[in-house]
Visitor: 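Take a look at this one; I'll ask things after.
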Amino acid sequence: MQFNTYTVAGAHIAVWLVNHPEPDAAALAAELHRREVHEPGGTTADVAALSPWTARLREVFEAPADAGKARLADTLLVAADCRPRLVSHGPGKPYHFHYAPVVTGLAARVRALTAAGLAHVIDGGAGARLRVCDRTGCGVAFIDTSRNGRRHFCCVRCANQVNVANHRQRRRYGGLSPAG
């Protein structure tokens, strides 16, 4: 599945925050720079301000149905005071969406960008692709970008661990389930 790079940059940042709930300021700045966020430099105060937000982002990935994901994302949009506006960073530069004014602090801009990014994914009919890994004990959040949208594990390693465990269990019970 292809996603528009800019509109879902916030969703990718949300994934990163959920999977790195207590980053240092340099790591946060590097991820924001990688996603082409304007003025990505952050402080330890920005990181601390995003910590409770990260827990709220995780709830969207863990919600079992699109309706729940949409309700949670909508709540995040309101909480982030997300107000889309068209911005150009100079003469001759293209206009694009910002979801909070640049003059607000970095934490406020990241909250608005991540809420909008998740909302864009859901609005595009791909809410079910916002997931957490199905391997017990993993909990890594990801956006399923596979063609058929049926990915259930964050990585091949987790998928292999589950598949090997299932295979061993089937062999142990002679092809029957433990209850059968």
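All values reported here derive from a predicted model rather than from experimental measurement. Basis for what follows: all heavy atoms, side chains included, without hydrogens, waters or symmetry-related copies.
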Visitor: Show your reasoning for whether side-chain contact (heavy atoms from CB on, under 4.5 Å) applies to Leu76 and Thr114.
Guide: CA-CA 9 Å; Leu76 292 176; Thr114 54; over 6 Å; no
Visitor: Within the distance-only criterion (no hydrogens, no angle test), does the side chain of Arg58 pair as donor or acceptor with the backbone N or O of Gly139 below 3.5 angstrom?
Guide: yes
Visitor: Give me the one residue out of Arg131, Arg150, Arg151 that meets side-chain hydrogen bond (donor to acceptor under 3.5 Å, both in side chains) with Asp144.
Guide: Arg131
Visitor: Give a yes or no answer on whether the side chain of Asp46 reaches the backbone of Thr43 with a donor-acceptor pair at less than 3.5 Å.
Guide: yes
Visitor: I need the Arg111 CZ to Leu106 CG distance, nearest 0.5 Å.
Guide: 9.5 Å
Visitor: Is the ring pair His96/His98 parallel, tilted or perpendicular, if the boundaries are 30 and 60 degrees?
Guide: tilted
Visitor: Are side-chain heavy atoms of Val132 and Val18 found at a separation under 4.5 Å?
Guide: no
Visitor: Which pair of non-hydrogen atoms, one from Ala29 and one from Gly42, has the smallest distance, and what is that distance?
Guide: CB-N, 4.2 Å
Visitor: Checking Asp123 side chain against Ala119 main chain: does a donor-acceptor pair fall under 3.5 Å?
Guide: no
Visitor: So does Phe61 get a backbone contact from the side chain of Lys69, meaning a donor-acceptor N/O pair under 3.5 Å?
Guide: yes
Visitor: For Ser51 versus Pro21, what's the shortest heavy-atom pair and its separation?
Guide: OG-O, 4.4 Å
Visitor: Could you tell me whether Arg56 and Glu59 have a side-chain N and a carboxylate O separated by less than 4.0 Å?
Guide: no
Visitor: Determine whether a donor-acceptor pair (N or O, by modelled atom type, separation under 3.5 Å) exists between the side chain of Asn19 and the backbone of Ala141.
Guide: yes
Visitor: Rounded to the nearest 0.5 Å, what separates atom CG in Asp74 from atom CD1 in Ile122?
Guide: 9.5 Å
Visitor: Under the criterion side-chain contact (heavy atoms from CB on, under 4.5 Å), I'd like the reasoning laid out for Ile143 against Val8: C-alpha separation, chi angles, the key distance, then a yes or no.
Guide: CA-CA 10 Å; Ile143 301 172; Val8 296; 5.8 Å; no
Visitor: Check for a donor-acceptor pair, side chain of Arg109 on one end and backbone N or O of Pro40 on the other, with a separation under 3.5 Å.
Guide: no
Visitor: Just how far is it from atom CG of Leu32 to atom CG of Leu113, taken to the nearest 0.5 Å?
Guide: 8.0 Å
Visitor: Working to the nearest 0.5 angstrom, can you tell me the gap between Arg129 CZ and Ser146 OG?
Guide: 5.0 Å
Visitor: Calculate, to the nearest 0.5 Å, the distance between atoms NE2 and CZ belonging to His120 and Phe97 respectively.
Guide: 6.5 Å
